[in-house]
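Note sheet for the following structure.
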Amino acid sequence: MIKKASNKYLYLLALVPFLVVALLYEILPLATVIYKSFLPDTGGAFTLENYQTIASKLLYRKAIMNSLKISLTSAFVGIVIAFFGARAAHERPGKMNRAFTAVLNMVSNFAGIPLAFAYMILLGNTGLMVNIGKELGISALANYELYTMNGMSLIYIYFQIPLSTLLLIPAFDGVHKQWKEACTLLGGTPGVFWRKIAIPVLMPSILATFSVLFANALAAYATIYALMMDNVALLPVQIAGCFTGEVRIRAGLGGALSVVMMVLMLLMILLTNAISRRFQKGGARR
Amino acid sequence: MKEKRAAPLAVMLLVMIYLLIPLAVSIVYSLFRKWTGVLPEGFRLDNYIALFTDGEFLASVGRSIAMCIVPIAATIVIVLLALFVTTIYFPKLEKYVQIICMIPYTIQGVILSVSILSLYVGSPTFLSNRLLMLMGAYCVVILPYIYQGIRNGMRAVHMPTLIEAAEMLGASKLYAFFRVVVPNILSAIIISSLLAVGIIFGDYVLIRNLAGTSAPNMQIYLYQTMKHDSTMASAVFVIIMLTTFIITLLVLLLQNKDTKRRQQQVKE
Amino acid sequence: MGYIHFENIHKDFGQNKVLKGITMDVERGHLVTLLGPSGCGKSTLLRCLAGLEEVTSGTVSLDGKDITHVNPRDRGIGMVFQQYSLFPNMSVAQNVAFGLNMKKVPKDTISRKVAEILKIVGLEDKAEQYPNQLSGGQQQRVALARAIVTEPKVLLLDEPLSAIDAKLRRNLQVEIRRIQQDFGMTTIFVTHDQDEAMVMSDVIHLFHNGLIEQSGTPTEMYTQPVSKFAASFIGNYNILSAADFQKASGEAVDCADVAIRPEIVRINLEVADESKRFHMEGEVVNSLSHGNLMRYTILCGGVEINADIMFEKSHLLEIGQKVRLSIRKTNVILLNS
């Protein structure tokens, strides 16, 4: 009947399954990849050789640049569309709003192979839109080239929209209607309200969403693989190629590329956090 | 103060149209024989009939379902156990559990799959079993969603008070957690499981990199079909999207019901 | 030694000393209130008795037995929490039956007891409803029923009414007191509301910074505060330093502070002389209606004094009006701490 602290530690046993799974399939694999990135694939001791390869070979430099470019562009376009979408949803509650969020939720799972397939039908070499474009003489559609970096950016933007809008809609709840009313009574135009009050208040959420979008685009793999196989200079494709390629497995190089990708994500998080802190100084809430 | 009310409607409508076009086109595509001009020609259901009589397709559906059940059940159990111990007995450890659970958010499919693969592929132990690797990877991928669902559920039912109340009535902490708290966060657990189902259903990266083509799920089946027969693939596509939508719809429905139940609180 | 006995209880949360040596007794069958502002330690002491917090040092005994290190579930104590403590997945009847099930009481006894207790708290028609279908007041009745149906040795109520709106609160205060007296249930009630404490208690313990500031019956607490803190927390005392008091009345008093209840202040318009009373001259600076009472603030020699007068339409004072106050000397409380 007397309870003492000693048997409390028996309960730590219940943590074991969680720790085993986390260790085996999360912590150890990650640690190994990072560790192996410092070992040469030909065997030997600690080296920066893999990182030098990345820095010197055009293919990998291009992969990093392409990945950065498409991630930044698609995240930027995604956030702009999401801003107007979420604002519209915020200003107009009702039936349309419910349909809007329902559609967003549904297409938020629309990614990977199915998305690639839908775009192939739509804008591939003999795609529907391309055919329609040819018949109606719309050259932008008729000459659309899906299988290029620019062509694929449309797909990236597509999967960014539901994610970013769903992330931003709750943030707009923090923009109180009374602020707008107060601003108008004090003589501010709607433009002033958005520039001086609403956007600064929303900025931390916008930045956080931006970094999620960036990471999301940077890691996107299935869609691109379905369209281009291994023949494209993008980070995730090159990483997977190092481990699953027909030739030989280059765990060191692949590891180093993985580390580069994780560092890019981390840098983006740190950067957006730093900017966001400047906006929060004024007491604006998250 | 009357504003222009049409603008927001137009924005929502435009975004919805943009998002729905690829879906609508694929659905129509799967139902017609030919669509090379502006309008499709020759309505037919052949693709669907062929699909549902194809043993390989049905097997891939079965695999997709089976691959959801094990990792989700396992993850729910390990997270519940971990949160039981940390929230009640070792609150200081909770922070670390949270960090472990959130890391998979940032390391996504590709890195996770290749790191698991390169670690265990040459292992002489049972760890080199490809299916086991896949299950482990799925557990990790859905960890953040399950963790957050359970954690939010615990917060919403004010778990500490519930446990104290049960204790004062003669229940042990273990009994209070599993018989009082868990039944009350069941809807939160179901919602996060459905989200996890959506993720595993939509997975291509992990299964391709870890299990190869030895155990194709619906995604891999779609990928293989679209290489040689695009109308057939469009039918597979429609079925995949339909399942995903049903899952999302269920999540939305349950979430609505859950929040309504909480807001229903009768006023005096 | 009382039915419940706290002996020199200390409780620290890290650096924060919440209880600094509480020794206190509770008599069997009494309703004892722990009163005080938030953070004074009253809830912590209650939780130490329940076993939900371990004491840092000291002993708690109940019915002659040391229970300091006994599991909460083995102490035989019932408790009602501030809110959210009903199990949302169980009906009202299932909630009430929970404790009896834990004690492995036979099924038919359980259903009989549950029906009885629900009748007592007036919810016999809600047995099959779920907590979210009940109002806050009804939920707390269920919580009360759930706590007393197991016939605990002590019932603990931790601010059970603070989330309930004012009107309903009055009814529940009376009802809890009635049930407590019917059952002769030893009860400890925690609140920060002095009116609530006055209405319900046999004994009040006033807490301040982890110590008991004053204990006594409601009347004692109201009429004889022992300190400035007690006087400011209970009633609406005018509290003046001795110097201010001298400025207002012209008479010196031998103490640190003076406490005057507003309802013993008389407002006279004519000069009256009586040596048994203090007299002050001043000017009305504010008036506030409290329904049947008017509270006037009168500035006497630069010091503000509140006086409560029964509302009479023909005798209203105006702001700026010159008045004389008189206060019976025996009613003025001299404080030294």
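So you know, we letter chains A, B, ... as the sequences are listed, proteins then strands, and number each from 1. These figures come from a predicted structure and were not determined experimentally.
- More than 12 heavy-atom neighbours from other residues, nucleotides or ligands sit within 6.0 angstrom of OH on B:Tyr89.
- When atom types are taken as modelled, the side chain of B:Asn184 and the backbone of C:Asn89 share a donor-acceptor pair closer than 3.5 angstrom.
- No side-chain heavy atom of B:Ser172 sits under 4.5 Å from any side-chain heavy atom of C:Asn71.
- How far CE of C:Met79 is from CD of B:Glu164: 6.5 Å, rounded to the nearest 0.5 Å.
- Of the inter-residue distances, the one linking C:Ile77 atom CD1 with B:Glu167 atom CD reads 12.0 Å to the nearest 0.5 angstrom.
- Heavy-atom pairs under 4.5 Å with chain C peak, among B:Val181, B:Val180, B:Ile163, at B:Val180.
- Under the 4.5 Å side-chain criterion, counting only non-hydrogen atoms from C-beta, B:Met168 is in contact with C:Leu52.
- In plain terms, the two heavy atoms of C:Ser85 and B:Ala165 that are nearest each other are O-CB, 3.8 Å.
- If you measure heavy-atom distances from C:Leu86 to chain B, the contacts under 4.5 Å come from the backbone alone.
- Separating the CZ atom in C:Arg73 from the NZ atom in B:Lys173 is a distance of 9.0 Å, to the nearest 0.5 Å.
- Residue C:Gln83 touches chain B through its backbone alone, counting heavy-atom pairs closer than 4.5 Å.
- Heavy-atom distances place both the backbone and the side chain of C:Arg146 under 4.5 Å from chain B.
- If you take CZ on B:Arg179 and CZ on C:Phe87, they are separated by 12.0 Å, rounding to the nearest 0.5 Å.
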